[in-house]
Enquirer: 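Have a look at this one before I ask anything.
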Amino acid sequence: MYAMKVPIDIRPRPSPPAAARDDDRTKGPGRDGTGTGVIVKPKTRTKKPSMYKVLMLNDDYTPMEFVVMVLERFFGKAHDEATRIMLHVHQKGIGVCGVYTYEVAETKVTQTMDLARQHQHPLQCTLERD
Ligand code: TYC
């Protein structure tokens with residue numbers, strides 16, 4: 001009896017090529033199990049958000065310049081456009097400052113009402129589903 005050292009390969013075996021494995025490359029939409037594929041248009045699950053008008057109401061006391069300043073500061077209007085909207089509200093009683101998603105519209109209403117209150121102006125601003 002005698003002992004003899006025999007070399008053995010202890011390296012990890014390489015895994016089979018990805019395409020030969022039975023994984024999800026052969027399953028699902030556009031897969032037919034042959035390893036060939038067709039291009040499938042992905043389902044688009046996008047929903048347009050509801051939009052909301054921010055309305056401004058006329059009153060007898062809020063200064064015109066204050067309303068113009070609010071439209072410039074919170075609604076991003078240029079001076080001429082802000083003046084046009086303010087005059088429309090002054091003459092018709094109500095007007096649209098802009099149309100936004102709910103949270104943006106709500107923020108603009110709050111900013112406007114807070115600043116008006118700080119200056120003790122009765123300016124009113126509200127939301128309406130577009
Ligand atoms: N009517 C106001 C005035 O004569 C001006 C004004 C315009 C007030 C628009 C509010 O939303 C408003 N001073």
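In listed order, ligands and their atoms are each counted from 1.
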Enquirer: Show the atoms of ligand 1 that are less than 4.0 angstrom away from any heavy atom in M56.
Expert: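 Close to M56: 11 (O).
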Enquirer: Considering only NZ, NE, NH1 and NH2 on the basic side and carboxylate oxygens on the acidic side, decide whether K53 and E128 come within less than 4.0 Å.
Expert: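 Counted as a salt bridge, because a side-chain N and a carboxylate O are separated by less than 4.0 Å.
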Enquirer: Give, for atom CG of L115 and atom CZ of F66, the distance between the pair rounded to the nearest 0.5 Å.
Expert: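 Interatomic distance, L115 CG to F66 CZ, rounded to 0.5 Å: 4.0 Å.
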Enquirer: Measure the distance from atom 2 (C) of ligand 1 to every protein heavy atom, then report the residue, atom name and distance (to 0.1 Å) of the closest one.
Expert: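 Ranked first by proximity to atom 2 (C) of ligand 1 is D59 O, 3.2 Å.
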Enquirer: Looking only at N/O atoms, are N58 and ligand 1 under 3.5 Å apart anywhere?
Expert: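 In this structure, N58 places an N or O atom under 3.5 Å from an N or O of ligand 1.
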Enquirer: If I take atom CD from residue E106 and atom OH from residue Y100, how far apart are they, to the nearest 0.5 angstrom?
Expert: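 Taking CD in E106 and OH in Y100, the distance rounds to 14.0 Å.
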Enquirer: Report the member of I94, L123, T62 with the shortest heavy-atom distance to atom 5 (C) of ligand 1.
Expert: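 Comparing heavy atoms across I94, L123, T62, the nearest one to atom 5 (C) of ligand 1 lies in T62.
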Enquirer: Does a side chain donor of either T62 or D59 reach within less than 3.5 Å of an acceptor in the other side chain?
Expert: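 Checked: T62/D59 side chains pair up, N/O donor to acceptor below 3.5 Å.
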Enquirer: Relative to the heavy atoms of L57, which atoms of ligand 1 are at a distance of less than 4.0 Å?
Expert: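 This gives 10 (C), 11 (O), 12 (C) as the contact atoms.
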Enquirer: Could you tell me the residue and atom name of the protein heavy atom closest to atom 9 (C) of ligand 1, and the distance to it rounded to 0.1 Å?
Expert: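 Answer, as residue, atom name and distance: V89 CG1, 3.6 Å.
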Enquirer: If I take atom CE from residue M56 and atom NE2 from residue H88, how far apart are they, to the nearest 0.5 angstrom?
Expert: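 Rounded to the nearest 0.5 Å, the CE-NE2 separation comes to 12.0 Å.
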Enquirer: So which heavy atom in the protein is nearest atom 4 (O) of ligand 1, and how far is it from that ligand atom?
Expert: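 Minimum-distance protein heavy atom for atom 4 (O) of ligand 1 reads H90 CE1, 3.1 Å.
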Enquirer: Could you state the interatomic distance from CD (Q120) to CD (Q118), rounded to the nearest 0.5 Å?
Expert: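 Between Q120 CD and Q118 CD, I get 10.5 Å after rounding to 0.5 Å.
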